[in-house]
Amino acid sequence: MSRVYNFSAGPAVLPVEVLQEAADEMLDYRGTGMSVMEMSHRSKDFDDIIKTAEADIRTLMNIPDNYKVLFLQGGASQQFAAIPLNLMRNRKAGYIITGQWAKKACAEAKKYGEAVELASSADKTFTYIPDCSDLPITDDMDYVYICENNTIYGTKYHTLPNTKGKILVADQSSCFLSEPVDVTKYGLIMAGVQKNVGPAGVVIVIIREDLIRDDVLPFTPTMLKYQTQAEKDSLYNTPNCYGIYICGKVFKWLLKNGGLEARKEINEKKAKLLYDFLDQSKLFKGTVEPASRSMMNVPFVIGDKAMEEKFVAEAKKAGLVNLKGHRTVGGMRASIYNAMPIEGVQKLVEFMTEFEKENL
Ligand SMILES: *Cc1c(COP(=O)(O)O)cnc(C)c1O
């Protein structure tokens, strides 16, 4: 067996220990004689799996009792619709446009009401997070929406917007569980797990209980109504059982390794290694304003397309894969999520150092 260092933005690297454990339990999950994939979602064994997963994420993130944790399907993209359907009571909300995912969320919300663009960093191809200290938020807005970490452009909010008392809704897909967060600052957090937590097909929604209501927009599909899912503890219909099981293992892995405080320290170290290299390099250049840099997704360029292709190809040969930038921005991008060991980043920096020597 040989494992590569996988810098994919998602679906992305998972902890080897988790994969190994899942492999060990594949044919016979703890004496049941079957895999978790073959198990009823109404069984005692699966009930334990989902309840333990929920308890563990609550511990990890210190989620207060007045927040529900939902394990849903449809990905982050489906939440782009679920959020306005459930929360747009005045049919008006504010969106901060920091990249493609925020843009898509805003476009979806416009189907259901007035989605006002409060700020945008489109003027500089989303290479920074706009100043959000005094946004044109009006009293009739139901919430303020952000994409907290911009997977494609490599930016991250280091200060949350001043929402002027309005509910903050955040897409945390690509920074979920990368560091501690104060859940009480949000009305709703959602994250597709395939970036930093688990296999594709699960989206986690953490929502304050008073926002789970019956008076959603009248045409809201039953499945997209948070109340439906909350009342049945994510088991209204068959959930992604196997995906939830793997997420649960990742939560255990994080807890065993010191929780989110410890994870933040490691993630900061990894990101610093790469950014420090980029800051002194004469060949490679980071594309994001230093104050807005993401700890998870690091885009960089050489500025010469042929040379960039050569870099990506040679890196792949060296066991450093999926470094090609997003199709819409080009260049390179290294996603260095929780499960990317520091050795992977060290290897990447060594490889870049050598590449620079040979090609400058
Ligand atoms: C990947 C991603 C999405 C889309 O996720 P899906 O689960 O594929 O719908 C949305 N937001 C962010 C920040 C992402 O990184």
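Just follow the structure's listing: the first ligand is 1, and inside any ligand the first atom is 1.
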### Task
For Gly10 and ligand 1, answer yes if some heavy atom of the residue is under 4.0 Å from a ligand atom, otherwise no.
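Judged by the 4.0 Å heavy-atom criterion, Gly10 does not count as contacting ligand 1.
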### Message
Under a 4.0 angstrom heavy-atom cut-off, which atoms of ligand 1 come close to Gly75?
### Response
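Listed by number with element: 7 (O), 9 (O).
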### Message
Using a 4.0 Å cutoff against the non-hydrogen atoms of Cys147, which atoms of ligand 1 qualify?
### Response
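Near Cys147, the atoms of ligand 1 are 13 (C).
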### Task
Compute whether any side-chain donor of one residue and acceptor of the other, for Asn267 and Lys264, lie under 3.5 angstrom apart.
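Asn267 vs Lys264: no donor-acceptor pair found between side chains.
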### Query
So, Asn297 versus Ser335: side-chain donor-acceptor pair below 3.5 Å or not?
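Their side chains do contain a donor-acceptor pair, which is all the 3.5 Å distance test asks for.
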### Message
Between Glu108 and Lys104 (salt bridge meaning N to carboxylate O under 4.0 Å), is one present in this structure?
### Response
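Answer for the salt bridge query: no.
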### Query
In Å and rounded to the nearest 0.5 Å, what is the CG to CD distance from Leu211 to Gln227?
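So the CG of Leu211 and the CD of Gln227 are separated by 12.5 Å.
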For [atom], the protein heavy atom that lies nearest, with its residue and separation:
atom: atom 8 (O) of ligand 1; result: Gln194 NE2, 3.3 Å
atom: atom 9 (O) of ligand 1; result: Ser77 OG, 2.6 Å
atom: atom 15 (O) of ligand 1; result: Thr151 OG1, 2.4 Å
atom: atom 11 (N) of ligand 1; result: Asp171 OD2, 2.6 Å
atom: atom 5 (O) of ligand 1; result: Ala76 CB, 3.5 Å
atom: atom 2 (C) of ligand 1; result: Lys195 NZ, 2.4 Å

### Message
Around atom CG of Leu27, are there more than 12 heavy atoms from other residues, nucleotides or ligands closer than 6.0 Å?
### Response
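No, not enclosed.
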### Message
Please determine whether the number of non-hydrogen atoms from other residues, nucleotides or ligands lying under 6.0 Å from atom CG of Asp215 exceeds 12.
### Response
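Enclosed.
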### Query
Quick check: does any side chain N or O of Thr228 sit under 3.5 Å from a backbone N or O of Leu224, one acting as donor and the other as acceptor?
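No.
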